[in-house]
Amino acid sequence: VQLQASGGGLVQAGGSLRLSCAASGGTVSRYGMGWFRQAPGKEREFVSTISWSGGIIYYADSVKGRFTISKNNAKNTVYLQMNSLKPEDTAVYYCAADRNNIVGRAMMSVNEYDYWGQGTLVTVSS
């Protein structure tokens, strides 16, 4: 499956962005889907994940209450709505797909995912 992330950009603190991850060569309804981010000089970290059924969702503590993950099976796209953005949210955001459809806290592991998009840069100014 190929993943194309988009929607990044420059926004002021307190603003909002919606990231999209369009899948091709596979359907998001059959994969666990995740969002991760990597800031300069830091390791890639978990942001949010949604199970293949959409019934299980996890968020990193740092984004809980501000970010919302969702997916549209008809459009074969996963979204990350980001509100109340902070400068510390600045990073390249990656979407990823898990073909094994693991459920549980393992969904938050970078190592669980098999397919990755190219990333989209989010910059939050103070």
Side-chain angles (χ1 to χ4, degrees):
V1 61
Q2 292 78 47
L3 304 173
Q4 180 73 38
S6 62
L10 173 64
V11 63
Q12 289 188 332
S16 299
L17 285 173
R18 188 177 79 157
L19 305 184
S20 299
C21 176
S24 59
T27 59
V28 298
S29 61
R30 296 183 178 181
Y31 293 88
M33 301 295 297
W35 285 98
F36 293 79
R37 67 187 182 187
Q38 188 166 16
K42 295 188 177 181
E43 293 187 352
R44 193 167 298 188
E45 66 175 7
F46 167 75
V47 175
S48 183
T49 184
I50 184 168
S51 64
W52 66 273
S53 68
I56 299 173
I57 290 174
Y58 290 108
Y59 296 100
D61 288 343
S62 59
V63 307
K64 203 172 293 183
R66 301 187 297 123
F67 291 10
T68 303
I69 192 171
S70 62
K71 62 177 180 174
N72 184 321
N73 290 337
K75 294 185 176 181
N76 214 22
T77 300
V78 178
Y79 303 98
L80 185 69
Q81 177 66 43
M82 306 186 297
N83 298 329
S84 302
L85 283 161
K86 304 175 181 179
E88 51 263 44
D89 294 318
T90 295
V92 177
Y93 284 71
Y94 299 90
C95 60
D98 168 27
R99 64 186 176 188
N100 294 317
N101 289 317
I102 294 293
V103 295
R105 297 187 70 83
M107 296 165 66
M108 297 186 280
S109 171
V110 169
N111 298 323
E112 180 57 38
Y113 293 82
D114 307 287
Y115 307 101
W116 292 83
Q118 86 288 1
T120 185
L121 176 63
V122 172
T123 304
V124 184
S125 63
S126 57

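One-based numbering along the sequence shown.
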Exercise. Does any non-hydrogen side-chain atom of Met107 lie less than 4.5 Å from one of Ile56?
Worked result: yes
To the nearest 0.5 Å, atom OG of Ser126 lies from atom NZ of Lys86 at 14.0 Å
- Task: Kindly work out whether a path of hydrophobic side-chain contacts (I/L/V/M/F/W/Y, heavy atoms less than 4.5 Å apart) joins Tyr115 to Leu80.
- Result: yes
Output for pair (Ser125 OG, Gln12 CD), nearest 0.5 Å, gives 5.0 Å
Verify, without hydrogens or angle tests, whether Thr120 (side chain) and Gly8 (backbone) share a donor-acceptor contact under 3.5 angstrom. yes
* Hey, any chance Tyr79 and Val11 share a hydrophobic cluster, counting ILVMFWY side chains that come within less than 4.5 Å of each other, even indirectly? -> no
Test side-chain contact (heavy atoms from CB on, under 4.5 Å) on Gln81 and Ser16 and set out the steps. CA-CA 8 Å; Gln81 177 66 43; Ser16 299; 4.0 Å; yes
I want to check something: taking the side chain as every heavy atom from C-beta on, are Cys21 and Met33 in contact at a cut-off of under 4.5 Å? yes
> Does Asp98 use its side chain to pair, donor to acceptor, with the backbone of Asn100 at less than 3.5 Å?
Replying inline: yes
key: Transitive ILVMFWY side-chain link Tyr93 to Ile57, under 4.5 Å   = yes
Between Arg66 and Ser84 the two heavy atoms that sit nearest each other are NH1-O, 2.9 Å
Check your understanding: Side-chain contact, heavy-atom cut-off 4.5 Å: Trp35 with Cys95?
Key -> yes
Can you list the steps and then say if Thr77 with Lys71 is a side-chain contact (heavy atoms from CB on, under 4.5 Å)? CA-CA 6 Å; Thr77 300; Lys71 62 177 180 174; over 6 Å; no
Has Arg44 got its NZ or CZ under 6.0 Å from the middle of the six-membered ring of Tyr94, at an angle within 45 degrees of the ring axis?
yes
Rounded to the nearest 0.5 angstrom, the CD1-OH distance for Ile102 and Tyr113 is 10.0 Å
Sorted by chain and number, sequence neighbours left out, side-chain hydrogen bond (donor to acceptor under 3.5 Å, both in side chains) with Gln118 holds for none
So the ring-ring contact (aromatic ring centres under 6.0 Å, His included) pairs with at least one residue in residues 41-66 (sequence neighbours excluded) are Phe36-Phe46
Is there a donor-acceptor contact under 3.5 Å from the side chain of Thr90 to the main chain of Val124? yes
* Within the distance-only criterion (no hydrogens, no angle test), does the side chain of Asn76 pair as donor or acceptor with the backbone N or O of Asn73 below 3.5 angstrom? -> no
- Task: Consider only side-chain heavy atoms of I, L, V, M, F, W and Y, link residues closer than 4.5 Å, and tell whether Val1 and Ile50 are in one cluster.
- Result: yes
For this session: State, yes or no, whether a side-chain contact exists between Asp89 and Arg37 at a heavy-atom distance under 4.5 Å.
Result: yes
Residues Asn72 and Lys75: closest non-hydrogen pair is OD1-N, 3.0 Å
Is there a side-chain contact between Val122 and Leu19 (heavy atoms, below 4.5 Å)?
-> yes
The side-chain hydrogen bond (donor to acceptor under 3.5 Å, both in side chains) partners of Thr123 (sequence neighbours excluded) come to none
Q. With distance as the sole test, does Asn101 use its side chain to make a donor-acceptor pair with the main-chain N or O of Gly32 at under 3.5 Å?
A. yes
d(Thr49 OG1, Arg105 CZ) to nearest 0.5 Å is 12.0 Å
- Considering only heavy atoms from C-beta outward, does the side chain of Asn83 approach that of Phe67 to under 4.5 Å? no
*Is Leu3 linked to Val92 within one hydrophobic cluster, defined over Ile, Leu, Val, Met, Phe, Trp and Tyr using a side-chain heavy-atom separation of less than 4.5 Å?*
no
